[in-house]
Every structure is written in C-alpha cells, then in structure tokens.
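Atoms within each ligand, like the ligands themselves, are counted from 1 in listed order. When a residue number appears, it is its place in the shown sequence, counting from 1.
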Amino acid sequence: MLLEISDVLDKNKLENIRAMLDKVTYVDGKLTAGQAAQRVKNNQEMQHGSKQAEFLDHLVMSSLAEHAAFRSGALPYRVAQPVLARYTPGMQYGDHIDDPIMGTGPHKFRTDVSVTVFLNDPDEYQGGELIINTTFGDKAVKLPAGSAVMYPSTSVHRVTEVTQGERIVAVVWLQSMVRDAAKRELLYQLDQARNTLLNTKPQAEETKQVDRSYVNLVRMWSEV
Ligand code: NI
C-alpha cells in the first residue's frame with residue numbers, strides 16, 4: 001500500500017524547520033548507502049551530531065508519531081533516526097531498494113516501511129519526483145511541504161534528477177508490528193471503517209463487533 005499522508009508538519013513547524021535547515025551541514029549521501037545503492041545514489045545528507053540536527057530529527061519524528069494515519073498505516077514498532085536529504089541540480093537517486101536491516105547492536109531493526117516527508121514545496125524545484133514501483137505500475141509522488149508518503153520497503157523506487165532549485169526531504173524507516181504489507185493494508189482499511197463507526201454509531205452492536213475484530217486482528221498478527 002502506498003499511502004499519502006497530509007499535514008504531518010503544520011506551518012509553524014515547517015517554518016522552524018526551514019530556519020534550521022540553513023544551519024545544518026550536509027555530507028555525501030553515498031556514505032550511508034549499501035553497496036548496490038551507492039552506485040546509483042547522488043544526493044547529500046544532513047550530518048548528525050549537531051543541536052540543529054537533533055532538533056530536526058525530533059520535530060519530524062514526534063510529528064509522524066502523533067499522526068493517526070501514520071500510526072494506523074504503519075503500526076510502528078521500531079523507528080530509525082530520520083535521514084534528511086537534499087538534492088541540488090544534477091542530483092538524483094537511481095532505482096534501488098532500501099537496506100533490509102538498519103541500526104547497530106541492540107538497536108538493529110528490520111525495515112518494513114519507508115516514509116518520505118517533503119520539507120519544501122513542489123514549485124521550489126524542477127524534477128525530483130519520487131517514483132515508486134507498485135504492482136499497478138510506477139507511481140510518481142511529489143507532495144506539498146509537510147506531507148508524507150509511506151510505502152513498503154520492499155518496493156523498488158528512485159528519485160528523478162533535480163534540474164532546478166532544491167529538493168529537501170526527511171526519510172524514515174521503521175519496523176512494523178505487522179511484517180506483511182498485505183495484512184497491514186487490511187488492518188488500515190478495517191481501522192478506517194472502525195473509526196467511522198466509532199464516530200457515527202458509537203453505541204451500535206456492529207461498531208463493537210468491528211472494533212473488537214480490529215483489536216483482535218492486531219493481536220493475532222503482531223510480533224513485538
Ligand atoms: Ni530509498
């Protein structure tokens with residue numbers, strides 16, 4: 001399931017982020033790429049370790065974690081520190097899949113879901129579409145600042161060349177409580193119906209049945 005999530009970051013947060021972006025240091029993105037991805041990766045990433053980087057990480061992660069659609073679609077278990085990436089003219093990231101395991105030592109986790117949070121608006125750069133290969137063909141994604149897209153980490157994807165301006169995104173990987181993408185999609189859809197029922201018919205018997213079925217399915221399919 002490819003899920004677009006709007007309003008992960010509100011105007012206030014975006015302004016804070018933009019002000020901070022001018023103060024961070026970028027390094028070559030190849031440094032964090034796996035062997036195969038290195039050959040096709042051409043972008044820059046924010047160097048971790050500074051106060052500004054910590055602030056940005058926290059702002060992006062806490063905003064995602066609070067977002068109901070993100071929680072329902074990803075069912076996050078372990079989440080990595082985000083990577084803030086910048087593409088200037090001539091930069092792109094060719095076809096690749098993300099690393100299966102991230103983190104080190106006891107913080108190792110499997111990547112089930114990849115998330116891209118757009119930090120600047122589509123009219124600020126030319127090119128720079130995120131192309132995700134799905135079972136229904138390639139899907140091009142270029143969203144307003146503050147919105148995000150979520151997709152299974154098993155998907156082949158690429159970022160087309162930026163020809164003008166700058167593309168700035170935060171990328172997040174996570175291990176889901178539910179490993180199987182098809183099961184996550186079913187749970188997401190059932191959760192949508194459940195929320196509608198909880199809002200419109202909170203006392204109805206069918207609401208209770210759908211609610212309990214959802215809760216018990218999460219229990220049945222979760223590994224924690
Ligand atoms: Ni990727």
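Atom NE2 is the N/O/S atom of His157 found closest to the Ni ion (ligand 1). Sorting the N, O or S atoms of His96 by how far they are from the Ni ion (ligand 1) puts NE2 first. Looking at Asp98 and the Ni ion (ligand 1) together, the shortest N, O or S contact belongs to OD1.
Between Thr160 and Gly127, the shortest heavy-atom contact is OG1-C, 3.9 Å.
The closest side-chain heavy-atom distance from Arg194 to Val215 is below 4.5 Å.
Ser153 places a side-chain N or O within donor-acceptor distance of the main-chain N or O of Ser114, the cut-off being under 3.5 Å.
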Self-check item: Verdict with reasoning, Asp7 to His67, per side-chain hydrogen bond (donor to acceptor under 3.5 Å, both in side chains)
Solution: CA-CA 9 Å; Asp7 304 319; His67 203 291; over 6 Å; no

